[in-house]
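For reference, positions follow the sequence shown, starting with 1.
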Amino acid sequence: MESSGKDNYGFDGEEKHGATTREKFEVEKKKKRKIKSKWTCCQITLLTLSLLTVAVSVALLIAFPAIFDAILSAKMEVVSGSYSYQLWHYTPVPIFLRFYIYNLTNPEEFSAGGKAVLQEVGPYVYREFHEKKNISFHDNNTVTFYQQRWWTWDQEASGNHTQEDKVVILNTVPVSAAWTLYRNEPLMLPLLNTFFKLVHEELIVTTTAGKVLFEGFTDPVLNATHLGDGSSLPPFLPPGLADYDKFGWFYKRNLSLTYDGLFNMYNGHDSLDNLGVIDWWNYGKETDFFDYPCNLVEGSAGELWPPGQQKTNLSLFSPDLCMTMTLYYKEEVKEDNGLSGYRYWGTNETFPGDGCYCIDEVCAPTGLVNAESCRMGAPAFVSFPHYLHADPSLLDSIEGLSSPDPDKHGFVLDMIPEVGIPIKVTARMQINMLVRPYKQIKILRNVKEVYLPLLWFEEEAVIPDYMARQLQLLLVIMNTPAVYIILGVILVLGVIGAGLVIIYHFKKGKRGRGRVPKS
């Protein structure tokens, strides 16, 4: 059968129409592929910044503890140019030294065997300054230095008191001489009595507050024996008096370079765990003044402690006592400047009096420490003011002193435990003299044995406000997650930013592919 041209024409037309449709579809598909959205410079920049923010945030979150520790170590180690070095080299913290002298109101009755009646007078206030001298750093991460201290009179803080105020006090020179001879050559006590008579030595003297403290007062015994080099010093005087032509508790200490001794201290360069820890004093790790272990030179050198202090105790070496003092944790405190810390204070265990603190089998009552061998060989004993934390019999043996008050008479040190920096120190100590009768010596024949208080002092330092603000910022960083929160927020913003850029880009591309381009 023959087919008609019409049928063939129709078939060919449909075939051609189908081919055209497919071709158009393929062309449009290719055109849509070509309409793919391109990355703009703005999108690339935003995405790069977002990803960079994420990377930096993650890196800082991981590395921040190590970075902070490195910065803290660089600031706190005592090396030339560091923050701690500047504070340590020349102490910028205002220090006040307040003296309270015990005026003996019944000298005749006391000399005849009566109970001493005392009147506390003061304060006599001085400004105190510290500077480290002859500083030498060593390869074993220690630093050697002398500490020079000096004091200036502060009339305003002293109120109505002046250095010219008259006071009646015990003359410690004959008491010390009799004690020394009694301990070493007791058979020579009658000769000492004769010597006292020849030079007209007296047991009680009237002088001024300034002479008792810094200026020194003349004494017949010292005048008769002193040649400047101590070569004529008789055997009955303590060897510590060889360099003194006068007597005063702080006489010759003002601006003395060597009085406090030579220190060697760890500077914290190797580890902050050693920061401020004393290595040796006067070339020794032990002293000759007490028995082991009370003679060990240990603890802080007195101004810096290792970071991370606990609620236990802390120790500091005192050159005035030639011993390490231990202070015990008491409570958490908040100072007026807003800083919080731990309070450590002296207790009855700080000055135990007995055990290895006994000297030549002479032990002190609880609450006293024997300073005889440390300071001039005199029978001097140190306690807290008003015999705080001491044997009650000590206070009962005299009259005129109020009962001890921990707030007024305690030894306290408030410290920021995280960094080991004191924010307030109130160091209070009382000097007492052991007076006992010697039948061979007229001026001491009738006295009763007593630990007689002579004076007490209060050394106070409070960190200034500008330093407090600096430390507050440091503590915020150390004690709160502020830095981690900030870095976390930046990280989240970086992730969100990158995500938004990517979503915007692909949505824009999808919208572009959905549009059919015109032919």
Side-chain angles (χ1 to χ4, degrees), residues 147 172 175-176 179-184 237-243 249 253 258-265 276-302 305 312-328 344-385 387-391 394 411 413 427-436 449 451-454 456-457 459:
Q147 175 171 261
T172 60
V175 174
S176 301
W179 173 260
T180 301
L181 202 58
Y182 172 76
R183 298 284 294 277
N184 299 308
L237 278 185
L241 289 177
D243 297 325
W249 290 106
R253 289 190 61 175
T258 59
Y259 190 90
D260 285 344
L262 185 64
F263 293 82
N264 185 250
M265 178 192 82
V277 175
I278 191 169
D279 181 32
W280 51 256
W281 178 67
N282 286 341
Y283 300 103
K285 295 179 181 291
E286 299 179 359
T287 72
D288 298 328
F289 307 116
F290 301 103
D291 293 333
Y292 180 86
C294 298
N295 64 340
L296 294 178
V297 176
E298 55 188 1
S300 167
W305 277 262
T312 52
N313 57 61
L314 55 83
S315 299
L316 67 152
F317 184 80
S318 169
D320 287 319
L321 301 178
C322 306
M323 60 171 281
T324 297
M325 292 181 60
T326 301
L327 304 178
Y328 298 87
Y344 301 87
W345 72 327
T347 70
N348 58 351
E349 296 182 29
T350 303
F351 297 147
D354 56 4
C356 55
Y357 289 105
C358 298
I359 296 178
D360 293 336
E361 300 182 355
V362 176
C363 300
T366 299
L368 291 178
V369 65
N370 192 337
E372 171 190 353
S373 58
C374 175
R375 293 302 175 200
M376 298 186 294
F381 293 77
V382 176
S383 68
F384 296 122
Y387 290 121
L388 177 68
H389 304 311
D391 190 321
L394 296 169
F411 189 121
L413 189 154
R428 302 182 179 107
M429 287 188 284
Q430 178 173 290
I431 299 175
N432 314 277
M433 184 69 66
L434 174 58
V435 183
R436 64 182 309 275
E449 183 166 326
Y451 291 92
L452 184 69
L454 302 179
W456 70 274
F457 60 87
E459 189 177 34

> Using side-chain heavy atoms (C-beta onward) and a distance below 4.5 Å, is V175 in contact with P379?
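Touching, per the 4.5 Å side-chain cut-off.
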> Can you find a pair of side-chain heavy atoms, one from W280 and one from N264, that are under 4.5 Å apart?
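Yes - at least one pair of side-chain heavy atoms lies under 4.5 Å apart.
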> For M323 and V369, what are the C-alpha separation, side-chain angles and deciding distance, and is it a side chain to side chain contact (heavy atoms under 4.5 Å, CB included)?
CA-CA 10 Å; M323 60 171 281; V369 65; 3.5 Å; yes
> So Y387 and Y451, side chain to side chain contact (heavy atoms under 4.5 Å, CB included) or not? Walk me through it.
CA-CA 10 Å; Y387 290 121; Y451 291 92; 3.8 Å; yes
> Looking at C363, is its backbone amide N or carbonyl O close enough to the side chain of D354 to form a donor-acceptor pair, meaning the two atoms are under 3.5 Å apart?
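It does not hold such a pair.
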> Rounded at 0.5 Å granularity, tell me how far CG in N295 sits from OH in Y357.
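Output value for this atom pair is 9.5 Å.
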> Taking the side chain from T324 and the backbone from L316, do they hold a donor-acceptor pair closer than 3.5 Å?
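Not confirmed, T324 side chain does not pair with L316 backbone.
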> Can you tell me how far CG of L388 sits from OG1 of T347, rounded to the nearest 0.5 angstrom?
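So the gap between those two atoms works out to 9.5 Å.
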> Can you give me the closest heavy-atom contact between C358 and G353, atom names plus distance?
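Shortest heavy-atom separation between C358 and G353 comes out as SG-O, 4.0 Å.
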> Looking at every non-hydrogen atom in both residues, tell me the closest pair between E449 and L434 and how far apart they are.
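Taking E449 first and L434 second, the nearest heavy atoms are CG-CD1, 4.0 Å.
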> Mind listing the closest non-hydrogen atom pair of P293 and C356 along with its distance?
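In terms of heavy atoms, the two residues are closest at CD-SG, 3.9 Å.
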> Any sub-3.5 Å donor-acceptor pair from K285's side-chain atoms to D279's backbone N or O?
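Checked: pair present.
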> With side chain to side chain contact (heavy atoms under 4.5 Å, CB included) as the test, would you mind laying out the steps for D320 and R253 before giving the verdict?
CA-CA 11 Å; D320 287 319; R253 289 190 61 175; 3.1 Å; yes
> What class does the angle between the rings of Y182 and W179 fall in, given that below 30° is parallel, 30 to 60° is tilted and above 60° is perpendicular?
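Taking W179 first and then Y182, their aromatic rings sit tilted (interplane angle of 30° to 60°).
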> Judged by atom type as modelled, is there a donor-acceptor pair below 3.5 Å linking the side chain of W305 to the main-chain atoms of S315?
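Yes, the answer is positive, given that a donor and an acceptor are paired below the 3.5 Å cut-off.
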> Does atom OH of Y328 have more than 12 heavy-atom neighbours, drawn from other residues, nucleotides or ligands, at distances under 6.0 Å?
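Above 12, so yes.
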> Any idea which heavy atoms bring C322 and F290 closest together, and the distance?
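It is O-CE1, 3.7 Å.
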> With a 4.5 Å heavy-atom cut-off, do R428 and F384 have their side chains touching?
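Side-chain contact under 4.5 Å: no.
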> Report the relative orientation of the aromatic rings in F263 and W281; use parallel for angles under 30°, tilted for 30 to 60°, perpendicular for over 60°.
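Judged by the thresholds at 30° and 60°, the geometry between F263 and W281 is tilted.
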> Taking all atoms of both residues into account, what is the closest heavy-atom pair of Q430 and P385, and its distance?
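For Q430 and P385, the tightest heavy-atom pair comes out as OE1-CA, 3.4 Å.
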> If you measure from CG on D260 to CG on N282, what distance do you get to the nearest 0.5 Å?
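It comes to 10.0 Å.
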> What's the verdict on side chain to side chain contact (heavy atoms under 4.5 Å, CB included) for W345 and L327, showing C-alpha distance, side-chain angles and the deciding distance?
CA-CA 5 Å; W345 72 327; L327 304 178; 5.9 Å; no
> Nearest 0.5 Å, what's the CZ-SG distance between F289 and C294?
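Atom-to-atom, F289:CZ and C294:SG are 14.0 Å apart.
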> When rounded to the nearest 0.5 angstrom, what distance separates CZ in F351 from CG in L321?
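Between atom CZ of F351 and atom CG of L321 there are 5.5 Å.
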> What distance separates E298 CD from F317 CZ, expressed to the nearest 0.5 Å?
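Reported to 0.5 Å precision, the distance equals 10.0 Å.
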> Which heavy atom of N432 sits nearest to which heavy atom of P453, and what is that distance?
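Heavy atoms only, the tightest pair is OD1-CA, 3.4 Å.
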